[in-house]
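These notes are about the structure you will find just below.
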Amino acid sequence: MCGIVGYVGTDEAVPIMLDGLRKLEYRGYDSAGVAVCGGGGLTVAKAAGYVQALCDIVEDGRRLPGHVGIGHTRWATHGRPTDENAHPHISDGGKIAVVHNGIIENYAKLREYLVSKGFAFNSETDTEVAVNLIQHYYNKHGDAVRAVAQAARRMEGSYALGILCEDRPDVIIATRKESPLVLGFGDGCNHIASDVAALVTHTREVARLEDDEIAVVSAAGVTVYNCDLEEIVKTPEHVDWDVSAAEKGGYEHFMIKEILEQPDALRKTVSPRISGGRVTLGDADIPDEYVKNISKIYIVGCGTASYVGAAAKYNFEKYAKIPAETVMASEFRYSEPIIDGTTLVICISQSGETTDTIAAMREAHRLGARVLSIVNVVGSVLARESDWVLYTWAGPEICVASTKAYSTQLAVTYLLTLHFAQKRGAMSGAQCAEVVTELQRLPEKMQLVIDDKHAIQYLASIYFNNEDIFFIGRNIDYALSLEGSLKLKEISYIHSEAYAAGELKHGPLALVVDGTLVVAVATYEKLIDKTMSNASEAHSRGARILAVTTQSCAARVAEASENVITVPDTHDMLLPSLGVLPLQMFAYYVALLRGCPIDKPRNLAKAVTVE
Ligand code: M6R
C-alpha cells in the first residue's frame, strides 16, 4: 500500500507534500517522511506514526526549506513501523533518495548482490534495495534516469517509486510497475502522487504513468520515457472532482459522514440506470446474446466487497436463475477455477486497485472468462482492464471501514440481477417492475433507518463492553452477518465472528457463555423462525440476543430477543441494503464508546495493494 507524493516548482515543497500525504493517509499511516533536494544536498525528515507526527517534527515545513521534494506515508510490509524503516530511504553513498509503494519480491537476492558489492543497509525494508540498486548503476555511469531504468529491469514485484538524485536537484524521477502513480501538471510546477486525491487542490490536469514508464518531472515540464528510454507523449486529462466530498464537513469521523451519505449515494448509483420502469445498463454494453448464454457467475472481491458478493450470489441464483459462486479474490487466483467463454466473473472493488482482485481478474481473463467490474474509482486498473465496468458513483470513501461502497456495490448487483433476469426471461416484466419501484424507494427507507440512529447508539451503550460478539443469519442474512461482524471487529477491536445460523450447533456454540452477545440477523421473512430458533439455542446457554429484523416481523422475533432493531419492509432482493445500516451504526457507536481511532484502525489501510 503506502502513499507517495512529490512536488517540484517555485513554492516550498514540504507544506504541499504534507497536505498531499494527509489526503493519502488512507493508504497507510504507520509512519511518514519527506526528503527535499536543495543547495545543501538531500535532507530527510521522518517519523513513526501519523502524518501529524511528521508535521510536528518539520514544523509544518518551516524546518525543511526546498522547492523539490518527495514524501511518503507507510503501511509496513518489510520491517516494523519504526523511524528507521520509514521512507524516504537514502542510498549508501548518499546521492539517491527513494519513496516506494509496493513490494520488491526478489529483494533478498538483490540485497545479497548489493552486499557483495559493498553496500551497507540501515533498515529492514525492501525499499533500501531499490535505492541502493539505483545508486549501484548510477556509480557506473553517472546517469540517474538510466540507472532507474536498469534497476527497474532487475526488480520483481510491484513498485511505484519517487526518486531524488543529489546531482539533479531540479527534478524528480518516477517509475512504476503494478502500483499506481499519477502525474499532476501545474502552472510552473509539477507533481507526482499515488492518487489524484493528493493533487486536486493543486491541479486537475493529470496523467497516469503506465507500467515500466519513467517520468522526469521538473518545474518546467514532464518528460516520459518507455523502458528503453525512448520519449513518449502523455496527454493530461482533466479530473472533475468535488474536493469537499473528501473532507469531513464538520463530522467527527469520515465513517459517520459516509454512513449518512448512503441514501444519496444509492440514488446516484441507481437513478441513471432506470428508465421507464426498466433497468438499462447503457454504460456497460453487455450483448444480449452473451447474457443469455452465461452458464456460471463467479463473484470475486476482498473483505467487504466479497460480502457484497455473498449477498449477490443468492439474488443471481434466485431471480436470474444463473448458478453463482462467491470466492475471495485471494483464493480465486490460485484455485484453478473451471472457466470457459460462458463464465462471467464479476470483480467488486471500491478502489479498483486491490492486488488480489486485479490478479483474480487477470486469471479469469487468462482462462477465457469475460470480466465485469463493479468499481468506485474511475480509471483504476480494474476498471481499465475489465471487459465491462459499472461504476458505483459513490464519491470518495475515505474511512478505511467501507460503508457507502458496500451499499452502492450492492445496488449495482441488484441492477445486474434484474437486467439478467429480464434478458433471460427469468422474471416477468411485472415482477421486474415491482422490484424496480422498490429500488427507487430504497433511499427513503434507508433514510428512515439512519434517522433512528440514536436508538442504535443507545444499544451500543448497552453492549460496548462485550469482548466476544457473534453474528448469525441464514441466506442473505448470513451475508449481512459477515459484513456486520467485519465492520465491528475492524473498528472496535472486539473479537467477533459470523456464522450461518444453522452451523452454530456444529461447533461455535461451545464458545457461548453467560453474557455472550449474539446478534441475530433475521430480515429474510422465509427463514426468520429458523434463525430465531438457533438464537434461542444460544440464549439457553447464556447468550444475550440482539435481533435485527423488519417492522412486519418484529413481534415474531421479540420473544427470543433482549432487544430488537427494526428496518422497514422491502422486497426480499433488497433487504441487505436496509439490514446493513444498523450493523454499520452499531459498529460505529461501539467503537466510539471504546475510544478507537475509527477512521484509521490499527494495522489496516484503505487500498490493499500487496498480496
Ligand atoms: O478497494 P476494495 O473494495 O477492493 O477493498 C477491499 C477490502 O480491502 C475492503 O473492503 C476492506 O475489507 C474494508 N476495510 C472493509 O471495511
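For the single chain, residues carry numbers from 1 onward in sequence order. Ligands are counted one by one from 1 in listed order, and the atoms in each one are counted from 1 as well. All values reported here derive from a predicted model rather than from experimental measurement.
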Protein residue, atom and distance nearest to atom 1 (O) of ligand 1, heavy-atom basis: Ser351 OG, 2.6 Å

For ligand 1, the portion of Thr304 having any non-hydrogen atom under 4.0 Å away: both

Protein heavy-atom partner closest to atom 8 (O) of ligand 1 - residue, atom, separation in Å: Val608 CG2, 3.9 Å

Ligand 1 to Gln350 polar contact by distance, N or O atoms, under 3.5 Å: yes

Distance filter under 4.0 Å to Ala401 heavy atoms, resulting ligand 1 atoms: 16 (O)

Heavy-atom gap Ala607 to ligand 1 smaller than 4.0 Å: no

Partner of Glu397 by salt bridge (charged side-chain N to carboxylate O under 4.0 Å, His left out), out of Lys257, Lys606, Lys404: Lys606

Test of ring centre spacing under 6.0 Å for Trp75 and Tyr26: no

Sub-4.0 Å heavy-atom contact, Ala405 with ligand 1: no

Stepwise side chain to side chain contact (heavy atoms under 4.5 Å, CB included) test for Val5 and Ile192: CA-CA 5 Å; Val5 293; Ile192 61 166; 5.9 Å; no

Any N or O of Lys606 closer than 3.5 Å to N or O of ligand 1: no

Output field: ring centroids Tyr406/Tyr307 closer than 6.0 Å: no

Shortest protein heavy-atom distance from atom 14 (N) of ligand 1, along with the residue and atom involved: Glu490 OE2, 2.4 Å

Protein heavy-atom partner closest to atom 6 (C) of ligand 1 - residue, atom, separation in Å: Cys302 O, 3.3 Å

Residue pair Ala369 / Asp387: nearest heavy atoms and the distance that separates them: O-OD2, 4.3 Å

Gly303 neighbourhood, listing ligand 1 atoms whose heavy-atom distance to it stays under 4.0 Å: 12 (O)

Close approach of Glu353 to ligand 1, heavy atoms, under 4.0 angstrom: no

Ion pair check, Arg74 and Asp30, cut-off under 4.0 Å: no

Under 3.5 Å side-chain donor-acceptor pair for Tyr524 and Thr550: no

Geometric cation-pi criterion Lys296 and Tyr298, 6.0 Å radius, 45° cone: yes

Lys487: numbered ligand 1 atoms lying under 4.0 Å from its heavy atoms: 15 (C), 16 (O)

Pick from Ile348, Thr357, Thr354: the one approaching atom 5 (O) of ligand 1 most closely through a non-hydrogen atom: Thr354

Charged N-O contact under 4.0 Å between Glu325 and Lys313: no

